[in-house]
Amino acid sequence: MKPLSLLIEILIILGVTIKNIEAEKHNKNQKERNVTTQVSKNEIKQFLSHTLEQRKLNKVINKRETLLGKKKNQRKLRIKGIQNKDLLKRNKNHSKKPAKKNFTDEGDQLFKMGIKILQQSRNQKQKEEAYILFAKAADMGNLKAMEKMADALLFGNVGTQNITAAIQLYESLAKEGSYKAQNALGFLSSYGIGMEYNQAKALIYYTFGSAGGSMMSQMILGYRYLSGINVLQNCEVALNHYKKVADYIADKLEKSEGIPVEKVRLTERPENLSSNSEILDWDIYQYYKFLAERGDVQLQVSLGQLHLIGRKGLDQDYYKALYYFLKAAKAGSANAMAFIGKMYLEGNAAAPQSNATAFKYFSMAANKGNAIGLHGLGLLYFYGKGVPVNYAEALKYFQKAAEKGWPNAQFQLGFMYYSGSGVWKDYKLAFKYFYLASQSGQPLAIYYLAEMYATGTGVLRSCRTAVELYKGVCELGHWAEKFLTAYFAYKDGDIDSSLVQYALLAEMGYEVAQSNSAFILESKKAKILEKEKMYPMALLLWNRAAIQGNAFARVKIGDYHYYGYGTKKDYQTAATHYSIAADKYHNAQAMFNLAYMYEHGLGIAKDIHLARRLYDMAAQTSPDARIPVFFALMRLETVHLLQDILFFNFTMRWKWKKLDNTLGPYWDLFVIGLIVAMLIFLLRNRYR
């Protein structure tokens, strides 16, 4: 197999990355998991040498069998006088099948075990165990395992990032028809990471990837057609691509609620990055735990919610979630009761599925007037879980919960009117409730709104609105989890790994990822791109983020044109972007920059009065701008005063020269005499 040597190299790299992991002693009763135990360095070497010997033997045997087969076939063909090339090919392929069969089943089993460990992993050591199994499965010809190994090499998930090896493996996988490999090669081509920068080639890879079933390729093509990136802008084509992905996401969301992923902006001040509100700081988490144990009911419910869905950088842990909810429920928290009901309704490791228990806790919460509890009872009656299906009861509970502002209940009401479940179809009411729920970010409500705008059901058809709504749903896909891994990689100093992950998300149309990628490129800390390419690529990404409404990115584009970063200096273009940021987004920095340009007449006509006004507006817009504005105005007024004094002196001199030319050199004596004569005249008139 062609990728054999590459896979052996990958195994060696992986062996080096785990050389510091100590071999653990496992209990005898864990025989069923003996394959997943920690593999030491010596075991990996033995495995590699055994694999090499086995592969060499297989190659020799295959060659001999092929030669013998050819000779036999040729003799038969000479006797019969038939020249059948297809027969030779079939016999050649048939000789390879027994060797492949020996590895296929074992490779599939190892891959499945690796996936199971990866899903249950709680630390880096367990992830490394999973990838050792993937490496073994990949060596046995498992394509999915090869894809996992290629991704690990590209993103640096386990061990050292090796983009060159990843590209080689992706190229061999692409020949085998892997749509994930097609998507990865398209992404690398679009940025010129490890391979030639070629947008046309990237588009071809994405097209093949989407045809093969890659949701990521579909999303990338949707964004490209929406924004007109290297293709003609076409809303309908974008709609088609985004709808396919949105249908896939909506199907996942209907089975279980989507987990919102925190999208940290790296453009915030570095000193605040470690305590970003999107990620819960470990010390703060410990403090919250302490308060929760001391009986703070609100924090008990909050920690239960965080662990239930795994938010703020915390791992999903059903046992901890149930623990905190039970403590809060005992203290009388209606929210905690409702969440316990939700856990039993959906079923998990800590709370096995039980409609009766769910009904009990939902009823307890509903009796206290809790919206989540009312919504839970509505779901039980709507789907007939533990109780007979009763749309009238479901409608009653959904309406009560919706009146209290619970978005999931608003969505359920909208769905009932949209589908005509227990009520007459009413698209206007459906639109009303979908819209209300969408304002709180309810993903399925957003999806059905997109469906209505796409088909013109109950509303005037709008392709652009439908695409924007579908895009919002698509961004809830599992790939958004890379926001967290990219952020932690950046925080740990692994800039290249962080950049690759953010860049992939940026290619998919995530505005936050676009600004984060540009921010990293601007810092010039990354090593996977040449330094001369960083500013132009950063400018491109700032521009994409600005088009999606990022005011900071709009100011950055102005800065790049002002200073000539990644482009030629162009004060006029810089002033245009500052004006957009100031007028549309009321950005204080843009106002300040524009005021400076008006003060000095850079790219625009000099206007001191307008400069003063913009400085004042910047100070009013942001308190942080007050001190810079104060000094800027002091400088402006000082310079303006000096200019006025100089202008006055120049004017007086000019006037004196003019009098010399008109009245002669002694005009001043004539003026003095005239003044004296006037004084005498006035004095005489006074004494009379």
S.K.: Measure across Leu226 and Val467 and return the closest heavy-atom pair with its distance rounded to 0.1 Å.
M.R.: CD1-CG1, 3.6 Å
S.K.: Measure the shortest side-chain to side-chain distance between Leu476 and Pro443 over non-hydrogen atoms and say whether it is less than 4.5 angstrom.
M.R.: yes
S.K.: For Ala545 versus Ser515, what's the shortest heavy-atom pair and its separation?
M.R.: CB-N, 4.2 Å
S.K.: Any chance you could measure His478, atom NE2, to Lys252, atom NZ, to the nearest 0.5 Å?
M.R.: 7.5 Å
S.K.: Please lay out, stage by stage, how Tyr562 and Lys569 fare under the test side-chain contact (heavy atoms from CB on, under 4.5 Å).
M.R.: CA-CA 6 Å; Tyr562 183 89; Lys569 277 189 178 182; over 6 Å; no
S.K.: One pair to check against ring-ring contact (aromatic ring centres under 6.0 Å, His included): Phe483 and Tyr487. What are the steps and the verdict?
M.R.: CA-CA 6 Å; Phe483 270 106; Tyr487 169 71; over 10 Å; no
S.K.: Does Tyr560 have its ring centroid less than 6.0 Å away from the ring centroid of Tyr535?
M.R.: yes
S.K.: With a 4.0 Å cut-off, would you call Glu530 and Lys533 a salt bridge?
M.R.: yes
S.K.: Under a 4.5 Å cut-off applied to non-hydrogen side-chain atoms, are Lys556 and Glu522 in contact?
M.R.: yes
S.K.: Going by an N to O cut-off under 4.0 Å, is there a salt bridge joining Arg464 and Glu468?
M.R.: yes
S.K.: Going by atom type alone, with no hydrogens or angles, which donor-acceptor pairs under 3.5 Å involve a side-chain atom of residues 147-158 and a protein atom two or more places apart or on another chain?
M.R.:
unit_1 : atom_1 : unit_2 : atom_2 : d
Glu147 : OE2    : Ser178 : OG     : 2.5
Asp151 : OD1    : Tyr170 : OH     : 2.4

S.K.: Ion pair present between Arg461 and Glu236, side-chain N to carboxylate O less than 4.0 angstrom?
M.R.: yes
S.K.: Might you confirm whether atom CD of Gln572 has over 12 heavy atoms from other residues, nucleotides or ligands at distances under 6.0 Å?
M.R.: no
S.K.: Flag the pair Tyr578 / Phe592 as yes when at least one side-chain heavy-atom distance between them is below 4.5 Å, and no otherwise.
M.R.: no
S.K.: More than 12 heavy atoms of other residues, nucleotides or ligands under 6.0 Å from OH of Tyr435: yes or no?
M.R.: no
S.K.: Assess the residue pair Glu599 and Arg612 against the criterion (salt bridge (charged side-chain N to carboxylate O under 4.0 Å, His left out)); give the C-alpha distance rounded to whole Å, side-chain angles, the decisive distance to 0.1 Å, and a yes or no.
M.R.: CA-CA 8 Å; Glu599 180 186 347; Arg612 282 199 193 99; over 6 Å; no
S.K.: Between Gln199 and Tyr197, does a side chain to side chain donor-acceptor pair (under 3.5 Å) hold up when you go through it step by step?
M.R.: CA-CA 7 Å; Gln199 289 291 344; Tyr197 176 81; 3.2 Å; yes
S.K.: Are more than 12 heavy atoms, taken from residues, nucleotides or ligands other than Phe208, located less than 6.0 Å from that residue's CZ atom?
M.R.: no
S.K.: Please check if atom NZ in Lys527 has more than 12 non-hydrogen atoms from other residues, nucleotides or ligands closer than 6.0 Å.
M.R.: no
S.K.: Specify whether His241 and Tyr225 have parallel, tilted or perpendicular ring planes, treating 30° as the upper limit for parallel and 60° as the lower limit for perpendicular.
M.R.: parallel
S.K.: Please tabulate, for the side chains in residues 498-513, all donor-acceptor contacts under 3.5 angstrom to protein atoms that are two or more places apart in sequence or on a different chain.
M.R.:
unit_1 : atom_1 : unit_2 : atom_2 : d
Ser498 : OG     : Ala486 : O      : 2.9
Gln501 : OE1    : Thr485 : OG1    : 2.5
Gln501 : NE2    : Ser497 : O      : 3.3
Gln501 : NE2    : Ser497 : OG     : 3.2
Glu507 : OE2    : Ser190 : OG     : 3.3
Glu507 : OE2    : Tyr206 : OH     : 3.0
Glu507 : OE2    : Arg224 : NH2    : 2.7
Tyr510 : OH     : Glu475 : O      : 3.0
Tyr510 : OH     : Trp479 : NE1    : 3.1
Glu511 : OE1    : Arg265 : NH2    : 2.7
Glu511 : OE2    : Arg265 : NH1    : 3.0
Glu511 : OE2    : Asn550 : ND2    : 2.5

S.K.: Taking all atoms of both residues into account, what is the closest heavy-atom pair of Leu449 and Ser438, and its distance?
M.R.: CD1-OG, 3.5 Å
S.K.: Can we call the ring centroids of Trp542 and Phe519 under 6.0 Å apart?
M.R.: no
S.K.: Can you list every disulfide (SG to SG under 2.5 Å) pair that touches residues 196-235, not counting sequence neighbours?
M.R.: Cys235-Cys463
